[in-house]
Trainee: 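Here it is, the structure, as structure tokens.
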Amino acid sequence: MRRSPWLPWLFVAPAMVLVCLTVLVPALMALLMSFTRSGLDVSEPLQFIGLANIQRLLADPMFLRVLGTTAIYLVGVVPPIVLGALALAVLVNRALPGMHWFRGAFYTPVLVSIVVAAIAFRWLYAENGLINGWGQALFGDAFTPIGFLTDPLLALPSVMLVTLWKGLGYYMVIFLAGLQGIPKDLYEAAELDGSVGWRQHLDITLPLLRPYVALVAVISAIAATKVFEEVFLMTQGGPADSTRTVVYYVYDLAFQELEISYACTAGLALFLVVLVLGLIQQGLKTGSAN
């Protein structure tokens, strides 16, 4: 009996309908709302205003500020994640007794809910928290409590640390998969040529892991660009808007100031940034394949 060519599509159809209803349709509605003005009452009809929201966004000093904060977040998170995850992968990619326990320990933060992690770090960072408590125990009255989440200069790096702590184990596994795909014969041949120790990683590991490095860099960059939970749970964008990112700004516009249309415009700008990062990832993937 000949199978109908439409049969595979019947199996995929429920998922496609769900994706259309939950992703594509809302995205299209947000795009259309970017060219309108919405009132405080959601039942009011939308007013078409053309490119006015885009012009306002380009001249919005707060949007430019949160865009800069997001860029700082990206630069401060991506390189440490790539280098740290690669170092951890090299460290645990050894045939030593009990090494699987270390792999599990490094991966454990990935399993922790971001809500739990943010609350735990917020307690650690508190002026009467564990870190300041250790400082007072070691230095006594000479120690001044550090305002990790109340100092505008320290708040953003403190939030970045949570992202790093959560992400290192996940990206370590990606690098570990790449490392275990490298034939050991290459290292043995390199050792005969005089390449030993860390020199082998420079000569063999890094060149062969180039596609994995590009993948981790782009994925972590997209995640850093869309950071929200850590900021929402730990600082609410403060102090003095020093940790307000683009996604948090979109949330603030939509649900605090009820400027839905303008929030859709800011979200559209974020989508374009993520799209560019996705195209970079695809280009790097195609280049490595060739």
Side-chain angles (χ1 to χ4, degrees), residues 65-92 103-126 129-131 146-176 212-252 266-267 269-271 273-278 280-281:
R65 179 175 180 178
V66 299
L67 196 63
T69 302
T70 304
I72 295 173
Y73 202 98
L74 188 150
V75 174
V77 166
V78 175
I81 276 187
V82 174
L83 296 177
L86 180 58
L88 286 179
V90 172
L91 179 65
V92 300
R103 295 177 183 176
F106 290 137
Y107 189 77
T108 299
V110 182
L111 305 178
V112 177
S113 168
I114 185 61
V115 176
V116 176
I119 293 175
F121 272 85
R122 190 172 63 184
W123 176 74
L124 290 174
Y125 289 147
L130 186 61
I131 297 178
I146 302 172
F148 291 100
L149 299 180
T150 56
D151 188 335
L153 296 178
L154 297 178
L156 191 63
S158 300
V159 177
M160 288 180 187
L161 186 60
V162 181
T163 303
L164 291 172
W165 182 79
K166 278 279 296 174
L168 279 176
Y170 175 78
Y171 298 112
M172 177 199 71
V173 173
I174 297 178
F175 282 128
L176 187 60
Y212 294 89
V213 172
L215 176 65
V216 169
V218 176
I219 292 179
S220 59
I222 293 175
T225 304
K226 300 189 299 182
V227 65
F228 173 75
E229 291 90 346
E230 295 93 321
V231 175
F232 178 77
L233 293 168
M234 297 180 68
T235 63
Q236 296 283 310
D241 295 324
S242 60
T243 60
R244 180 177 288 195
T245 60
V246 175
V247 176
Y248 189 86
Y249 185 52
V250 172
Y251 162 81
D252 202 23
L270 177 63
F271 166 76
V273 173
V274 175
L275 178 62
V276 170
L277 293 175
I280 293 175
Q281 176 188 358

Trainee: Quick check for you: to the nearest 0.5 Å, what is the distance between Arg103 atom CZ and Leu91 atom CG?
Mentor: 10.0 Å
Trainee: What distance do Leu74 atom CG and Leu277 atom CG have between them, rounded to the nearest 0.5 Å?
Mentor: 7.0 Å
Trainee: What closest approach, in Å, do Val110 and Tyr170 show between heavy atoms, and which atom pair accounts for it?
Mentor: CG2-N, 3.2 Å
Trainee: What pair of heavy atoms forms the shortest contact from Ala221 to Thr225, and how long is it?
Mentor: O-OG1, 2.7 Å
Trainee: Are any of the side-chain heavy atoms of Tyr171 and Leu88 separated by less than 4.5 Å?
Mentor: no
Trainee: Just by modelled atom types, is the Val112 backbone N or O under 3.5 Å from a matching donor or acceptor in the Lys166 side chain?
Mentor: yes
Trainee: Report the C-alpha distance between Leu168 and Phe106 in whole Å, list the side-chain angles of each, state the deciding distance to 0.1 Å, and finish with yes or no for side chain to side chain contact (heavy atoms under 4.5 Å, CB included).
Mentor: CA-CA 8 Å; Leu168 279 176; Phe106 290 137; over 6 Å; no
Trainee: Do you know the tightest heavy-atom contact between Tyr73 and Val159?
Mentor: OH-O, 3.4 Å
Trainee: Could you report the tightest heavy-atom contact between Ser158 and Leu149, atom names first, then the distance?
Mentor: CB-CD2, 4.0 Å
Trainee: Quick one: are Leu215 and Ile174 in side-chain contact, heavy atoms under 4.5 Å?
Mentor: yes
Trainee: Supply the atom-to-atom distance Asp151 CG to Leu156 CG, rounded to the nearest 0.5 angstrom.
Mentor: 11.5 Å
Trainee: Indicate yes or no: at least one non-hydrogen side-chain atom of Arg244 is less than 4.5 angstrom from one of Thr69.
Mentor: no
Trainee: Using 0.5 Å steps for rounding, measure from the CZ atom of Phe271 to the NZ atom of Lys226.
Mentor: 11.0 Å
Trainee: Decide yes or no on side chain to side chain contact (heavy atoms under 4.5 Å, CB included) for Tyr125 and Ile146, but give the supporting numbers first.
Mentor: CA-CA 8 Å; Tyr125 289 147; Ile146 302 172; over 6 Å; no
Trainee: How many angstroms lie between atom CG of Leu270 and atom CG of Leu275, to the nearest 0.5 angstrom?
Mentor: 11.0 Å
Trainee: To the nearest 0.5 Å, what is the distance between CG on Leu86 and OH on Tyr212?
Mentor: 12.5 Å
Trainee: Could you pull out all donor-acceptor pairs under 3.5 Å where a side-chain atom in residues 228-236 meets a protein atom, sequence neighbours excluded?
Mentor:
unit_1, atom_1, unit_2, atom_2, d
Glu230, OE2, Thr163, OG1, 2.9
Thr235, OG1, Val231, O, 3.3
Thr235, OG1, Gly237, N, 3.4
Thr235, OG1, Thr243, OG1, 2.7
Gln236, OE1, Tyr248, OH, 3.2
Gln236, NE2, Phe232, O, 2.4

Trainee: Hey, does Val247 have a side-chain heavy atom less than 4.5 Å from the side chain of Val227?
Mentor: no
Trainee: Can you name the nearest heavy-atom pair linking Ser242 to Ala155, along with the distance?
Mentor: OG-CB, 4.0 Å
Trainee: So which atom in Ile81 and which in Ser220 form the shortest heavy-atom distance, rounded to 0.1 Å?
Mentor: CG2-CB, 4.1 Å
